[in-house]
Amino acid sequence: MDLSKLRHELEAIDARLIAALAERQDVVRRVGHEKAAGNGDIRDLPREEELLGRLVEQARSAGVDEYLVTRLYREIFESSVRRQQDSLVDSQNPRRASQRLITVGFQGVEGAYSHLAARKHFASRDADIVYRGFDSFRELLEAARAGVIDYAMLPIENTTAGSINEAYDLLAQMELALVGEEIKKVDHCLLGLEPAPLTRIHRVYSHPQALAQCSEFLRSHRHWHVEAFTDTAMSARKVRDDQDLSQAAIASEEAAQIYGLCVLKRRIANQKENYTRFVVVAREPVSVDPRIPCKTSVIIATRHEEGALLAALNVFARHHLNLTKLESRPRPNTPWEYLFYLDFEGNVAEERVRDALRELAAHTNFIKVLGSYAARATSRGRAARPKRARVAATAKEAPLPPPQAAKALEKKPYRLVSRAVRAADTVIRAGEALIGGPRPIVIAGPCSVESREQIFACAKMVKESGGDALRGGCFKPRTSPYAFQGMGYEGLDLLAEAGAAYGLPIVTEVMHPADVARVAEKADILQIGARNMQNFSLLKEFGRVDRPVILKRGLMASVDEWLSAAEYILAAGNQQVILCERGIRTFETATRNTLDLSAVPVARELTHLPIVVDPSHACGVARWVPAMTDAAIASGANGVMIEIHPEPEKALSDGPQSLDFPTFHNLMERVQARLA
Ligand code: PEP
Ligand code: MN
């Protein structure tokens, strides 16, 4: 009788505690709004410590366990900070703030560690949250990309098992942004149907990772039959569904709750401190207030230069940006080259971070900024850095470009392509060819890929004459809609086969943004045609792939406009741009276009990017091409691109300007003799 009365009293007290927490939370929200509007520090650690001191004092005089109060309030402060950070982020991202219903995806079933991490992460959001499990990481991220879910919770590394390679590879491939991170402690338990001695267990199920992480415990029960399962929570579900007392699962304590199982043994992992770090993935990046301690994640491919990685990492040191993670993964389609994943403390909203990223671009072939997000994985309670003081100190130490170059840079509509950012020539590699290096290269091939015989004959010719790359149009920009439009992807397959057969990298034009990524899978160099030089959505798409690009100068484009178009590609991440002078339109009609060779020395002064010359489209007539090829090389071009055809008179496009094989072979002999 007394006991039930006491229990009632306890329930009433708990209800008051919860009500007090709710009230506190409401005040925290209002403080958050004040901070969002003003300049107050988001986290005031000395104040927190002082407050905690007072609370401990109060606890002591009230006879309450000080340790309990300390732990409790650390959690409460943590939750307040998260709420305030969330409302700050909301205040700067109105779309996010207006979301009343949030869909969060994860890989696995309810109760999986990813699900638990998602619940932890989104607990502080003022919205209804719906969670949805997916079978694979790829399906999960595709759903985020398609907007089927708002966020995807993606495990990226584990403190025991290391990096999760598939997660990294997918982030490089897919157009997605990182908007958050979460740390979840992994606490494996042995779960069964009901409390029973371990001797009753005969079978244990779990994810292979979890089984490996509990190997010592399992070894002490040798007679158990251990079976791998797709995920920990699924193994818990199986134990519940089978209703067999001899079965057990290794999963989290939360999974036991969800599936109505009992914890037979806690903390069975070999390593007691085991954490998984998750990233929160969304379609669009968020902007985060610089007062929130942030991390930024980027992917880079370093240049083919000695010390390239060191030079890239030095940029972080120079800008006092603390690197928290460096991971390397194989670069797709490029054996023995690597993509590097970097996390550092900083926020792209800060000028010093933007400066560092610009400088970093000059040391890379490709850079992709995945996003800036509130840091969770810094050591607990670490204060936000005093940013303003830091920026001032950095500005003094940062090496400034020489005054004239800095002036020139101010006036120009481009930066990354400028010599002021990078004094050394950029060398771009495609297969074995080095474009921008000491030797000019020759790209040759037909205007259009027309048949297997034709493209194989051209490839053989290019190879035997000492050419460096094979060109061939598959998607053709034709003036008349009735002219041959190219063989499309069928042509690309033939071009790729011919290139592979003769060991030549291949070059082909892409006209539509939707084709860029697909063509990039097969082509070693992508081309933007003259007519598309200012197709800005196309330029941006070229910036998102890790593939060299030939950017043709537009028919009516000034050198500044041409370099600004290149800037679009570099600014979107891809640093591997080769400029191509192919003639401009003037009053002169004797030639198809007027080859502006003076643009070569001019552009080489303004930019570090390599420049090749296409005399074929400039002349429009084959017999003038050899002379202009010589002239192009004499002007300092890094290479030439020449149209050839086994039977020019039968060519489906640009026959009149295409060299036949004997003429091309002669030309190559002359070029090589001169360069020798
Ligand atoms: C080409 O190289 O096939 C081509 C169409 O060139 P441009 O864009 O320079 O006319
Ligand atoms: Mn052509």
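Whatever order the structure lists ligands and atoms in, that order sets their numbers, starting from 1.
For R592 and D654, the salt-bridge test passes: some basic side-chain N is under 4.0 Å from an acidic carboxylate O. Ion pair D524/R547 not flagged as a salt bridge, since none of the NZ, NE, NH1 or NH2 atoms sits closer than 4.0 Å to an Asp/Glu carboxylate oxygen. Ionic pairing of R452 and E497 is present here: one or more N-O contacts between side-chain nitrogen and carboxylate oxygen are shorter than 4.0 angstrom. By the 4.0 Å N-to-carboxylate-O rule, E337 lies close enough to R429 to be salt-bridged with it. Salt bridge annotation for R518-D515: absent, with no cationic side-chain nitrogen under 4.0 angstrom from a carboxylate oxygen. Note on R354 versus E350: no salt bridge recorded, every NZ/NE/NH1/NH2 to OD/OE distance being 4.0 Å or above.
A distance limit of 4.0 angstrom between heavy atoms and ligand 1 selects the residues R471, K476, P477, E509, Q527, G529, A530, R531, K552, R582, H617, E643.
Only protein N, O or S atoms were scored, and 4 of them lie under 2.8 Å from the Mn ion (ligand 2).
For the side chain to side chain contact (heavy atoms under 4.5 Å, CB included) test, residues two or more places apart in sequence or in another chain that qualify with S480 are Y482, A483. Under the side-chain hydrogen bond (donor to acceptor under 3.5 Å, both in side chains) criterion, R419 pairs with D425, not counting sequence neighbours.
With hydrogens and angles ignored, the 3.5 Å screen pairs no side-chain donor or acceptor of K650 with any backbone N or O of G655.
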